[in-house]
Amino acid sequence: MENFLQQLINGLTLGSIYGLIAIGYTMVFGIIGMVNFAHGDVFMLSAFIALLVFLILTQLVGLAYPPLAFLIVLLAAMAFTGLWSWAIERVAYRPLRGSFRLAPLISAIGMSILLSNFVQVAQGPRNKTVPPMFTDLIRLTDGPLSVTLSYKQILIMAVTAALLLGFWFLVQKTALGRAQRACSQDRKMAALLGVDVDRTISLTFVIGAALAAVAGALYILYYGVVNFSDGFTPGVKAFTAAVLGGIGSLPGAVIGGLLIGLIETFWAAYFSSDYKDVAAFSVLAVTLVFMPSGLLGRPEVEKV
Amino acid sequence: MSRWLDDPLLSVEGLTMRFGGLTAVSDFHMRVGRGDITALIGPNGAGKTTVFNCITGFYKPTQGRLALAHADAASTHDVDALTRSGRRFASMGGRDLFLLERMADYEIAARARVARTFQNIRLFAGMTVLENLIVAQHNALMRASGLTFFGLLNTPGHQRAEAAAVARAVGWLERINLIGRADDPAGALPYGDQRRLEIARAMCVDPVLLCLDEPAAGLNPRESAQLTALLRSIRDHDGVSVLLIEHDMSVVMQVSDHVVVLDYGRKIADGAPQEVREDPRVIAAYLGVDDEAEVIAAESEIARLAGEAP
Amino acid sequence: MAAPTAPPRSRLQTALGDAGFAALVTFGLSFPLLAFRTEQDMQNRLVVEPRWSWSLAAVLAIFCARLLAGLIQDWRARALAIPGALVAIYGGSLALGPSFSAGALTACAGLVLLALAFPLDARLRQAPAPAARSEGSDRSRLFALGGVLALFLFPFVMLTLLGPAGSLKWINNYGVQILIYVMLGWGLNIVVGLAGLLDLGYVAFYAVGAYSYALLSTTFGISFWLCLPLAGILAAFWGVILGFPVLRLRGDYLAIVTMAFGEIIRIVLINWTDFSNGYAGISSIPRVTFFGVPFTANEDGFAALFGLEFTPIHRTIFLYFLILCLALLTNAVTLRLRRLPIGRAWEALREDEIACRSLGVNTVNTKLTAFALGAMFGGFAGAFFAVRQNFVSPESFTFIESATILAIVVLGGMGSQVGVALAAVAMIGGTEILRELDFLKHIFGGSFDPAQYRMLIFGLAMVVMMIWKPRGLISTRAPSIFLKHKRAVAGSLVREGHG
């Protein structure tokens, strides 16, 4: 029972991170029908940006108060990663919009390879570790297998929840959200009705990247280590989350993320940690084959 | 006179199709006479294409039986026996009998020999006109090429089969006046030519029943006249029964032997063109009953069109 | 576009404005990632240090590239000018820093390229557009024959020119390596290019082929010549098994599921150590023999049998011919299949699946045969890989491999055999040439490691080539049958498939 509770906490923490990345996949797929293969690497990039900004703040600027440092890191990572994503869309995807359908996919795969190797060249191939922050624990139960909830975990879940609320407001209540929904329904019609399609798509990429940047900052906070090759696997898992929740559905992406986090954690705890990635990939395959519209997505009817 | 009652090729019984909560077609009965041109008409959204998609297997009907008999009409007894047997098709008393609602779409084309065209033309745009007609003869060629193995060795049998397929395609291209464009990509043809090519492609499947979904849509009057002639020659020369959905009343009244009218997923009229034309329910369905003047105008229009027909 | 009231800006002004904006964005992008570096100090603590030079270099490079792209219209002149400018900047920075002479020389070379680009652009702009080339089937057949002949002569030419030791690299790293990818590209072309089914897990079948030979030969001692067909059959079997559940899926979804399958197979190979020996892989796989005669220095070896002096190049040349024959077999079968009903059904499936079903084509069988045949050729290539390396491990079958093969097919122009071969030469040959950048160490000093730029440039090339030619190098489609004239179908009419 203690173990179960502990794994539940760990799984939800991990799931929050996946959920934040998954939103980027689901939004971009919803609006232009493309799997943004480089999104996982954008997440990795953001973790590096967060790491560097944190080190700059603590070592070069001399900011000693952790909560303020964390807040600045979060905002800076969102801003710089958003800029990266904007530039990627502008350079690698926009010229291919409306062209041959496979071209953006290959371009995105190329971008993914480019980004991870760029970080390798710029920051070196080794693991980068940061000193642990917010290390305090709360003991929920006593005993040989005590259940603990760390401040870090609380912070991750709280930040995720707060951001999701803000984000939900953004898509549901603002003109931007309306423009996004219009573009995902019918891009040509939206353009005819005066929606600036290019700008809406750019903003979608920026918002998705900003949420991935939060995930990146939380990732580096939680694990304290990042490597240039860390984009692919979390990226695929987050994509799995988006598919599981029903691609195009924002609450679905979050629920999918939490589920994937839980599946992975429990699989590793109760079966075998060697095969935890197989569990995630199998969920992906099984969902797509048997339930392609996911948990909350709209089913697609074949038009004859 | 009413061949569809005496010798039906296809009988649709109690066809119902629901999409979620929406009932597109409910308890629909119709018969397609062997050697007839049958028109299925009705206002937009009446469920005509849904009936088509059920007949050709692209939709699985919620309920209903669609029995198709090659050669001559199946007895009710045979159809019931096949239904009870749980099989999809069988040879009953010397006749090949098919229950279309149980068969997959490609089986309906390949075995039951029901070919179709689409409302929004579905040619293989990047393949040439000739290739389109060769693909339509896929199953015959597949058998001749020994499921590819003889074909890899290029055996004489396979060569003969391919030559025959090309000859058949050439024959059709001559009939639809497209022989000069055999080596052009199908997607580069003008709209009217694409419509005719799609019909020729369906005919290359060697069907007993040809289903055409709005074949005259988007055609100019000259092309419509060509289409009418083509449909008659398919009926009279090839002996293939035709079932068509059409909005162009002049085409319907000119070529059909039998007209079935559908409105809100239900059949409202069924009979020879003259009978249907005069049916007040049909006029009401097409024009609404409120405006007396419009009804009269429409009636005179229909009468005028029917008068043009020989 | 100028506002109607303002006077129209000159091209230079527009280019400068664009370049300035691009430079600003680049500065933002480079801010933490290039402008700072981290290093571990004595206490294993990560320490951050500024490194503004890198950021500055990136800003300068992007500014120049964008400016030149704005000033020069023709892409060929751009391709000359932009690298020229970058080389000049690099040389200039070197001349100021570590090595004046080498830097100045590099800078001059770059400036010469840059200077040449402007007159070239002016001339190309004046020259009339080249007339559309006629698609002479005789000429293309002659070209293909010449190409095959050149491929057969290639190792002997290299051997004569460079001797056994010098030619090894060319025959092995370029010849064999490129041909493996040509074969993989042709195999995947059946699935993606002809049938229009997007497969991002093709490496799984390559792995099945490689492990089939590795395990069958080391466990049961079965010879390569028997294992080769077995590897193909096993891979085809896996193609059907993995193909079956994904029949209903389309487009990107299909790509993602096949990628997941590829990764699952790799993870299983890593973790099921009893079966595959895990990360350590399977080593000492029997080497290839000349139909039973080993390539050894012994009396019963190949060299002794044919009265030649023993050299290891014999085996390499044999491997070269082996993969050449396997690749040509793939090509011949594919070309033949395109003219058979099954091949036409694949292409029709790519064009319109619903129309196919309305014509009685069993799309399930059609898709599965495409998966199976594509997988079979992948399996052959895998068995060849194992016998060439004498060692297989899961490391060789990562997602990057699948992505590379798919990129070759898409870049080649889907369905075009010649295009796929050209793309394989460009992508694989290109990355192999990047391995030769070691000479740069002499210029930039020993700490400079050109190898790490290889994949960076590879990824960049993928993006650039897609933007340059989204439909691939050869986008036209040759009809499989014709009545009077064989005319290529324009790429814009050919569909890419939704599966």
Side-chain angles (χ1 to χ4, degrees), chain A residues 29 33-35 45 48-49 51-53 55-56 59-60 76 80 83-84 87 91-92 95-96 99-107 109-115 117-125 128-131 232 236 239 243 272 274-275 277-278 281-282 284-285 288-289 292 302 304, chain C residues 25-26 28-29 31-34 36-40 44-48 50 54 192 198 245-246 248-249 251-253 255-257 259-261 263-264 267-268 270-271 354 399-400 403 406-407 410-411 414 452-456 458-467 470-472 496 498:
Chain A
F29 193 94
M34 162 199 169
V35 178
L45 197 82
F48 267 88
I49 292 175
L51 171 106
L52 284 164
V53 173
L55 292 178
I56 293 167
Q59 293 178 8
L60 300 180
F80 285 113
L83 184 66
W84 266 98
V91 170
L96 295 171
S99 138
F100 195 56
R101 198 178 47 81
L102 281 183
L105 183 76
I106 300 294
S107 184
I109 293 173
M111 224 356 135
S112 157
I113 296 172
L114 177 70
L115 286 180
N117 284 281
F118 168 75
V119 171
Q120 184 192 9
V121 167
Q123 297 292 330
K128 300 280 173 189
T129 49
V130 276
F232 179 68
V236 174
F239 179 75
V243 168
S272 137
D274 289 343
Y275 286 100
D277 290 351
V278 170
F281 287 125
S282 307
L284 175 64
L288 278 177
V289 171
E302 183 180 64
V304 178
Chain C
V25 171
T26 311
L29 295 181
F31 170 68
L33 284 165
L34 287 178
F36 294 91
R37 62 193 282 267
T38 56
E39 198 143 287
Q40 269 164 347
N44 247 350
R45 222 168 54 101
L46 209 57
V47 180
V48 66
W54 282 39
V192 179
L198 195 46
V246 301
R248 288 188 304 151
L249 297 177
D252 291 5
Y253 277 17
I256 299 291
V257 174
M259 180 195 80
F261 283 151
E263 286 294 295
I264 288 174
I267 297 169
V268 169
I270 290 173
N271 289 305
I354 286 173
F399 168 69
I400 291 285
L406 181 67
V410 175
L411 179 68
M414 304 228 309
Q452 58 176 332
Y453 289 90
R454 203 168 69 95
M455 289 311 286
L456 181 72
F458 183 74
L460 185 66
M462 264 164 92
V463 176
V464 171
M465 293 216 252
M466 273 301 116
I467 290 168
R471 283 183 173 274
E496 71 266 46
H498 44 212

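Here is the naming used below: chain letters follow the sequence lines, and residue numbers restart at 1 for every chain.
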What option among [options] has the most heavy-atom pairs under 4.5 Å with chain C?
options: A/L115, A/N117, A/L51, A/L105; value: A/N117
options: A/V53, A/I56, A/L284; value: A/I56
options: A/I109, A/V278, A/V236, A/L114; value: A/L114
options: A/I49, A/L55, A/V35, A/V121; value: A/V121

Could you give the distance from [atom1] ([X]) to [atom2] ([Y]), rounded to the nearest 0.5 Å?
X: C/E39; Y: A/Q123; atom1: CD; atom2: CD; answer: 11.0 Å
X: C/I400; Y: A/F232; atom1: CD1; atom2: CZ; answer: 8.0 Å
X: A/L96; Y: C/M466; atom1: CG; atom2: CE; answer: 8.0 Å
X: A/L83; Y: C/T26; atom1: CG; atom2: OG1; answer: 9.0 Å
X: C/I467; Y: A/I106; atom1: CD1; atom2: CD1; answer: 13.0 Å

Contacting region of A/S282 [heavy-atom separation from chain C under 4.5 Å]: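 For A/S282, backbone and side chain are both near chain C.
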
Structural part of A/A285 lying under 4.5 Å from a heavy atom of chain C: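 A/A285 touches chain C through backbone and side-chain heavy atoms alike.
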
Let's test your reading of the structure: which of C/P50, C/A403, C/P245 forms the most heavy-atom pairs below 4.5 Å with chain A?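 Of the candidates given, the most pairs with chain A belong to C/P245.
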
Under 3.5 Å, is there a donor-acceptor pair between the side chain of A/Q59 and the main chain of C/L46?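 Yes.
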
Flag the pair C/M259 / A/F239 as yes when at least one side-chain heavy-atom distance between them is below 4.5 Å, and no otherwise.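 When only atoms from C-beta onward are counted, A/F239 and C/M259 do not touch, as no gap falls below 4.5 Å.
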
